[in-house]
Amino acid sequence: MKGGCLVSHYDFKAIEAKWQKRWEEQKLYKAVEDSKRPKYYCLEMFPYPSGKLHMGHVRNYSIGDVVARFKRMRGYNVLHPMGWDAFGLPAENAAIKHGIHPAKWTWDNIDNMRKQLKQLGLSYDWEREVATCHPGYYKWTQWFFLKLYERGLAYRKKSYVNWCPSCATVLANEQVVDGRCERCGSEVGKKNLEQWFFRITEYADELLEDLKKLPGWPEKVKIMQENWIGRSEGAEVYFTAEKTGEKIPVFTTRPDTIFGVTYMVMAPEHPMVDELVKGTPYEESVREFQKKMEKLSEVVRTSTETEKEGMFTGAYAINPLSGERVPIWIANYVLLDYGTGVVMGVPAHDQRDFEFAKKYGLPIKVVINPPGMELSAEEMQEAYADDGVLVNSGTFSGMNNREAIKAITEFMEEKGLGKKAVNYKLRDWLISRQRYWGAPIPIVYCEKCGIVPVPEDELPVLLPDDVEFSPKGTSPLLECEEFLNTTCPRCKGPAKRETDTMDTFMCSSWYYYRYTDPRNDEKPFDQEKLDYWMPVDQYIGGVEHAILHLMYSRFFNKVMRDAGLVHVDEPFTNLLTQGMVLKDGAKMSKSLGNIVSPEDIIEKYGADTARLFILFAAPPEKDLEWSDQGVEGCFRFLQRVWRLVEELTPMMDVPSGDEKADREVRRLVHKTIKKVTDDIEGRFNFNTAISAIMEMVNGLNSSKGKPVSGKVIREAVETLLLLLAPFAPHITEELWERLGHETSIHLMSWPVADEAAMAEEEVEVVVQVNGKVRAKILMPAEITEEAMKESALKHEKISSLLEGKTVVKVITVPRKLVNIVVK
RNA sequence: GCGGGCGUGGCGGAACUGGCAGACGCGCCAGACUUAGGAUCUGGUGGGUUUCCCGUGGAGGUUCAAAUCCUCUCGCCCGCACCA
């Protein structure tokens, strides 16, 4: 440093430690219900306690902290809590691998991550911390399970379920990505098991419909949920098996094409297939085909690339409308668990059916003609799936197909041949997990009474501590006799406990309620407290939860609303999905070796710098490219702020200054207030908010030598600190104190822009000739358009350019621009 | 294949309702202070044949005026993917 130390050094380590300690002692961020103030619930997705924070966490929580601090300064009563999504497999793997008990592993990790979060200076009310693995929490997870059970929304069913061999547990559909386990990447198989499900499909329509009530959610997330729910409207048509006379319901979205059915296809594993082929010459080959399909993985089987393959069963079905007799096939592309597992083949009007028919030489029958055209089955190169007019369709011939959909459906309903139907791709949520480290499902199996829910007053069903972890990866609960053996709550006879635990998404589906009353041991929450804080005003997290967590939570909230426990339709009013943190264009990962550790950055530059950089480098919803040099830049900026404030402090005593200099400084100050406020409030553009603050610092730096009055300097410096406070809470708090304030800067009100102070006296007007900039002229701000035009035409350079040309017209934009169109 | 997003200097990114393209930061260049500087400060920095011309992936169009609106097209990223 140059010369004598006129200004002190920015000692971020001492400053950050000092204020973190003081904020905690003073409980600065404690949230208390207060009906007199508007509330604001700012929530970030709570982390899985993996052991260490990564940059994604830092980004997520820095964004949330700016929102929380900003809203606080805007006068809101802010709830900003943090907790731990603490059940899950990694803890159990640690136990198997290193012999550490999952509980110890988890709690140690929590301690470490809590420490790291505190080092970031995040404004959480730590008294509301929750951990889903705490019995005081999972007692209520189990309680909610019972609520679902009471309402008939939790049920047990044997079915083919996704099985991850490496995690040794079943998975929900949502946890299978490209046929692989979302967690470990192993290929997922199928197992026929008896499992617990939640009836989320009961709410499919509302989950879809209410997306419309979420204007504060990214379009992208809503579309993803819409696709996932996959609602399609159509009809169920009852074909009849010729041989057995049995009804074969078929779902179709195109009842208008029923007369065009030339064959039917069942899923190979459809139960009716066996009956149809039994004792026929087709039996053997069909069995073979079934076996072949069974061996194929789900990925291959359902890939668009896979060629359609099928086989005739020898059986026939009767079309209820045309009375025609059509062959029944089985094929790989028909899925058992969608619709009824049976498809009607209309090759003329469905591309898949067309390809299948061509391959196997099945007949093609045209029943819809394009407007003003006549199709011929022999000449068709592809299916005609668009609208048109019905032909060869009995009494419905001649009808427009849109009307025919309605007419045919109604006709079938009258005659009992079919009915209107809606289908969803959404499946019920499988919540059983064959794992130890989760909330036990509060159910007992009694030989006499059957399935018996554990009574509320016996909750929680505690996880036994003393268990053996088998290297096979199977749940230790299976071998834990003390846990397994119990008495039936109903008949008091001997009974067995359910050994499966709940999917951790169950735990995270309601944690945002618990924050409103985290220590209540009588109830999951106090009604008044919950009603005060809910809904979450701003939710922030990664887009990877677009379907899983966010849809489960929405479902959960709707169930609890119907149970009268919650009074909002949707739990999260606004959602922000932050982008990833990249290094060298790729997601930070161990295998790529491009990880930047938050610990190191905090150690070297401090939390304020880390936060500032991560907020400055990109808008929150976009991916962020990490740059060590960018971090340096932010560090330099904070040092500049420090120096600026220290240098300007003595000048705050100057009794009066030059009026023009004062006005200029005030203009800068108030324009910055407006810009920063708009950027944060309107659109969460923290990057441009910070750049405006940087510009303000640059401006104040260059006005250092000017005759500015002490009062104006004080206003400027204090405003600078207030605007920067949500981003860099420690340095601003320290400088605020050094200015002589005794109350925390974080309890101050957000500055308000003074329109009068912002007003410009002069504006620079751009003068264009034929749309090209030819001059810039300073004009009084209040100049009329006519006068603007005049002085533009009078301007030396412009007038010389206009020589010999004809002015066609002149366009003026007040205070901005004059465009002279010439020929 | 369907749906969504993106494409702007050497880099990250600005430009909100069409109105000076490139704010702010990084990097780079020059200078100042210095035993020294990878510290700090000052100035410069899209490209070019430099009174001017060209520039927002490409080609057209609308307009007095287009990064912004329309049409076509290329490239990258994300989601869904035989859903009957």
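In the text below, chain A, chain B and the rest are named by the order of the sequence lines, each starting its count at 1.
- On the C1' atoms, B:G9 is 15 Å away from B:G44, given to the nearest whole Å.
- The salt bridge (charged side-chain N to carboxylate O under 4.0 Å, His left out) contacts involving residues 253-269 of chain A comprise A:Arg254-A:Asp256, A:Glu269-A:Arg301, where partners must be two or more places apart or lie in separate chains.
- When heavy atoms are screened at a 4.0 angstrom cut-off, A:Lys308 is found touching base atoms of the nucleic acid.
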Quiz prompt | Under 4.0 Å protein heavy-atom contact, by nucleotide of nucleotides 21-31 of chain B - B base, S sugar-phosphate only | solution = --BBSSS----
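- Distance from the side chain of A:Ile811 is smallest to B:C64 among B:G4, B:A84, B:C64.
- When the C1' atom of B:A84 is taken as reference, atom CD1 of A:Ile330 falls 17 Å away, rounded to whole Å.
- Listed nucleotides B:C82, B:G12, B:C41 differ in distance to A:Ala617; the shortest reach to its side chain belongs to B:G12.
- With P as the reference atom, B:G58 and B:G75 are 15 Å apart, rounded to whole Å.
- With sequence neighbours excluded, the residues satisfying ring pair (Phe, Tyr, Trp, His ring centres under 6.0 Å) with A:Trp626 are A:Phe613.
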For residues 783-793 of chain A, please give each side-chain donor-acceptor pair under 3.5 Å, one per line with the distance, not counting sequence neighbours.
from     : atom 1 : to       : atom 2 : distance (Å)
A:Thr784 : OG1    : A:Ala787 : N      : 3.1
A:Glu785 : OE1    : A:Thr812 : OG1    : 2.5
A:Ser791 : OG     : A:Ala787 : O      : 3.1
A:Ser791 : OG     : A:Met788 : O      : 3.3

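- Taking atom NE2 of residue A:His545 and atom C1' of nucleotide B:C78, one finds them 17 Å apart after rounding to whole Å.
- Across all strands, A:Val813 comes closer than 4.0 Å to base atoms (heavy-atom distances).
- Checked against side chain to side chain donor-acceptor pair (under 3.5 Å), A:Lys13 has the following partners two or more places apart in sequence or in another chain: A:Glu603.
- Distances were taken from every side-chain heavy atom of A:Arg683 (C-beta onward) to each of B:A15, B:C20, B:C54; the shortest belongs to B:A15.
- Below 30°, between 30° and 60°, or above 60°: for A:His545 and A:His549 the angle between ring planes is above 60°, a perpendicular geometry.
- Without hydrogens or angle criteria, A:Gln225 side chain to A:Ala546 main chain gives a donor-acceptor distance under 3.5 Å.
- For A:Phe12 and A:Phe635, the distance between ring centers is under 6.0 angstrom.
- At the heavy-atom level, A:Gln351 lies nowhere under 4.0 Å from the strands shown.
- Judged by distance alone, with hydrogens and angles left aside, the side-chain atoms of A:His349 form a donor-acceptor pair with the main-chain N or O of A:Ile368 at under 3.5 Å.
- Here the two rings, on A:Phe686 and A:Phe684, have centers that are under 6.0 Å apart.
- The P atoms of B:A65 and B:C26 are separated by 39 Å, rounded to the nearest whole Å.
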Quiz item: Going through the checks in order, is the side-chain hydrogen bond (donor to acceptor under 3.5 Å, both in side chains) test met by A:Glu309 and A:Tyr333?
Solution: CA-CA 8 Å; A:Glu309 240 185 293; A:Tyr333 73 94; over 6 Å; no
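- Comparing B:G25 with B:U73, their C1' atoms are spaced 35 Å from each other, to the whole Å.
- Taking atom CZ of A:Phe635 as the reference point, atom C1' of B:A39 lies 11 Å away to the nearest angstrom.
- Comparing B:A67 with B:A15, their P atoms sit 15 Å apart, to the nearest whole Å.
- Using a 4.0 Å heavy-atom criterion, one finds that A:Asp623 contacts the sugar-phosphate atoms exclusively.
- If you check distances only, the side chain of A:Asn819 does reach the base of B:C64 with a donor-acceptor pair under 3.5 Å.
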Report all side-chain donor-acceptor pairs from residues 577-589 of chain A shorter than 3.5 Å, counting only partners two or more places apart or in another chain.
from     : atom 1 : to       : atom 2 : distance (Å)
A:Gln578 : NE2    : A:Gly56  : O      : 3.4
A:Ser589 : OG     : A:Ser591 : OG     : 3.3
A:Ser589 : OG     : A:Leu592 : N      : 3.3

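- Among the protein residues, A:Val810 comes within range of no part of the nucleic acid, since none of its heavy atoms lies under 4.0 Å from any strand.
- Counting non-hydrogen atoms under 4.0 angstrom, A:Lys816 reaches the backbone sugars and phosphates but no base.
- Residues passing the side chain to side chain donor-acceptor pair (under 3.5 Å) test with A:Lys212 are A:Glu209, sequence neighbours excluded.
- Residue whose closest nucleotide on RNA chain B sits further toward the 5' end, between A:Glu219 and A:Glu764: A:Glu219.
- Of the listed nucleotides (B:C41, B:G13, B:C82), B:G13 has the atom at the smallest distance from the side chain of A:Ala618.
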Close N or O pairs between protein and nucleotides 45-52 of chain B (under 3.5 Å):
none

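- The interatomic distance linking A:Leu582 (CG) with B:G13 (C1') rounds to 14 Å, in whole Å.
- Residue-to-nucleotide proximity on RNA chain B shows that, of A:Phe251 and A:Asn770, the 5′-proximal contact is made by A:Asn770.
- Atom CD of A:Glu621 and atom C1' of B:C16 are 14 Å apart (whole Å).
- The interatomic distance linking A:Arg815 (CZ) with B:G19 (P) rounds to 17 Å, in whole Å.
- Rounded to whole Å, the distance from CZ on A:Phe637 to C1' on B:C41 is 17 Å.
- Contact annotation for A:Lys675: base contact, defined as any heavy-atom pair under 4.0 Å involving a base atom.
- Spacing between atom OH of A:Tyr424 and atom P of B:A84 amounts to 13 Å, rounded to whole angstrom units.
- Base orientation of B:G9: syn, the glycosidic angle falling within 90° of 0.
- Atom P of B:G46 sits at a distance of 38 Å from the matching atom of B:G79, rounded to the whole Å.
- Using a 4.0 Å heavy-atom criterion, one finds that A:Leu817 contacts the bases of the nucleic acid, with or without backbone contacts as well.
- A:Lys704 is linked by a side chain to side chain donor-acceptor pair (under 3.5 Å) to A:Glu647, A:Asn701, counting only residues two or more places apart in sequence or in another chain.
- The side chain to side chain donor-acceptor pair (under 3.5 Å) check on A:Tyr338 picks up A:Ser232, with sequence neighbours excluded.
- Nucleotides B:C64 and B:G18 place their C1' atoms 12 Å apart, quoted to the nearest Å.
- The list of salt bridge (charged side-chain N to carboxylate O under 4.0 Å, His left out) pairs with a residue in residues 608-620 of chain A, not counting sequence neighbours, reads A:Asp65-A:Arg611.
- Taking the C1' atoms as reference points, B:A23 lies 15 Å from B:U56, given to the whole Å.
- Residue side chain A:Lys809 does not reach the base of B:C64 through any donor-acceptor N/O pair under 3.5 Å, judged by distance alone.
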Exercise. With pairs defined as Watson-Crick or G-U wobble and both distances under 3.5 angstrom, please note down RNA chain B as a dot-bracket string, | for pairing with another strand.
Key: (((((((..(((......[....)))((((((.......))))))(((...)))..(((((..]....))))))))))))....
